[in-house]
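Below is one structure, written out as structure tokens, with a few remarks after it.
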Amino acid sequence: PDTIDRAARILREGCLVAFPTETVYGLGADAASDAAIAKLYALKSRPHFNPLIVHVLSGAEAERIALVGALAASLIREFWPGPLTLVLPRPRTSPISLLASAGLDTVAVRSPAHPVARALLEAFGGPLVAPSANRSGHVSPTRPAHVEFDFGPAAPLILDGGPTQLGLESTVLDLTGEVAAILRPGALPRARLEDFLGPLLAPLNVSSVHGSNAALKSPGMLASHYAPRLPLRLNAASAEPGEALLAFGPNMPEGAIRTLNLSPRGDLAEAAANLFTHLRSLDAPPASAIAVMPIPVEGLGEAINDRLQRAARPRDTAR
Ligand code: AMP
Ligand code: MG
């Protein structure tokens, strides 16, 4: 409790704190403070057109910052707290800094389930913006050491909650258009949403996002993202000379410089939890590239494949 209080004090002073959520580690800042959010964008080197997710304790708190319609309210009752972010219309009276919306007339809101995240929100006493606690464009952090690695001596206070449980970012659902649409596949599988809402539009395709209207709708969905330094080769049956191997399932081809298996028993939840840690571990010399075995596109596999495709995109499209 003392550390949580100290963290809340740091946030109230307009500074940053990294904290665990059930998805990945977040970099928290006072969602009402322009100065704190400017610091956050600077530390991450995040492009200013990429808006932030506002974290709240409850649906009632969401109603104070966004327009929560009937559909949003029912999704909140069903899936909060949890890895579902809702993009909602932003009323002119919203107390959230305009920087968090990056010029859009919408605001993205989520209620995290992790007890440390909730204790911090409670102690702080208001909404926090919390993008993933990594340098912009890099692999998201699922352990405190990843946050330290990305920011070095500039790292803020990091609340250590151990490895995160889900390991993938939240699913982002847009409720501001004519139909609900997934802007980013994530830790809440599409099927769970479709059981509740009926069939949803296909998510944005990685290759079609760049320069399209879709990119304007979800400015964070850049083609190259979540990227390690080494190039990635997807759908590999085995490793070529010099490659490290990110394996999946019981069959492990030999010959890689180093092999890590996302889930030897082929379990997608286990693979999601290991994805970013294994990518970071394999992203080191003397390997010249990371070969990735195929991962089924069902359930959490949709979000896992989305992150891998972005990580594999040529870096000249990276921002
Ligand atoms: P991060 O917190 O770094 O995992 O990224 C947050 C994601 O939510 C990015 O893909 C953003 O583009 C998306 N996002 C945040 N706010 C909005 C918004 N108002 N409208 C659409 N997408 C948003
Ligand atoms: Mg991120």
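Note that ligands are numbered from 1 as they come in the structure, with each ligand's atoms numbered from 1 the same way.
- No side-chain donor-acceptor contact under 3.5 Å links Asp34 to the backbone of Ser97.
- Close approach to Ala108 involves these atoms of ligand 1, each under 4.0 Å from a residue heavy atom: 15 (C), 16 (N), 17 (C), 19 (N).
- Between Arg12 and Ala123, the shortest heavy-atom distance links the atoms NH1-O, 3.2 Å.
- For Glu194 (side chain) and Leu200 (main-chain N/O), a donor-acceptor pair under 3.5 Å exists by modelled atom type.
- Contact check on Asp306 versus Arg310 returns a salt bridge, with a Lys/Arg side-chain nitrogen under 4.0 Å from an Asp/Glu carboxylate oxygen.
- Using a 4.0 Å cut-off to heavy atoms of Leu104, the atoms of ligand 1 that qualify are 18 (C), 19 (N), 20 (N).
- Ligand 1 has at least one atom lying under 4.0 Å from a heavy atom of Arg46.
- Using modelled atom types, no side-chain atom of Asp105 and backbone atom of Pro89 make a donor-acceptor pair closer than 3.5 Å.
- When non-hydrogen atoms are compared, ligand 1 lies under 4.0 Å from neither the backbone nor the side chain of Val24.
- Salt-bridge check for Glu169 with Arg184: failed, with every basic side-chain N at 4.0 Å or more from each acidic carboxylate O.
- Minimum heavy-atom separation, Ile304 to Ala272: CD1-N, 3.7 Å.
- Here the side chain of Arg258 pairs a donor or acceptor atom with the backbone of Ser281 at under 3.5 angstrom.
- Closest approach of Tyr41 and Asn50 over heavy atoms only: OH-O, 2.8 Å.
- Not one N or O of Lys44 is nearer than 3.5 Å to an N or O of ligand 1, by distance alone.
- Excluding water, every protein N/O/S atom under 2.8 Å from the Mg ion (ligand 2) is given here by residue and atom: Ser132 OG.
- Interface atoms of ligand 1 facing Arg184, defined by a heavy-atom separation under 4.0 Å, are 1 (P), 4 (O), 5 (O), 6 (C), 7 (C).
- With a heavy-atom cut-off of 4.0 Å, Asp174 does not touch ligand 1 at all.
- Within the listing of ligand 1, atoms 21 (C), 22 (N) sit less than 4.0 angstrom from a heavy atom of Leu183.
- The backbone and the side chain of Thr106 each have at least one atom closer than 4.0 Å to an atom of ligand 1 (non-hydrogen atoms only).
- Using a 3.5 Å distance cut-off with no hydrogens or angles, the side chains of Thr23 and Ser170 do not pair a donor with an acceptor.
- Those atoms of ligand 1 that come under 4.0 Å of a heavy atom in Asn50, given as number and element, are 9 (C), 11 (C), 12 (O).
- Residue pairs meeting the ring-ring contact (aromatic ring centres under 6.0 Å, His included) criterion with at least one member in residues 67-116, sequence neighbours excluded: Phe79-Phe196.
- Not a single heavy atom of Ser101 sits under 4.0 Å from any atom of ligand 1.
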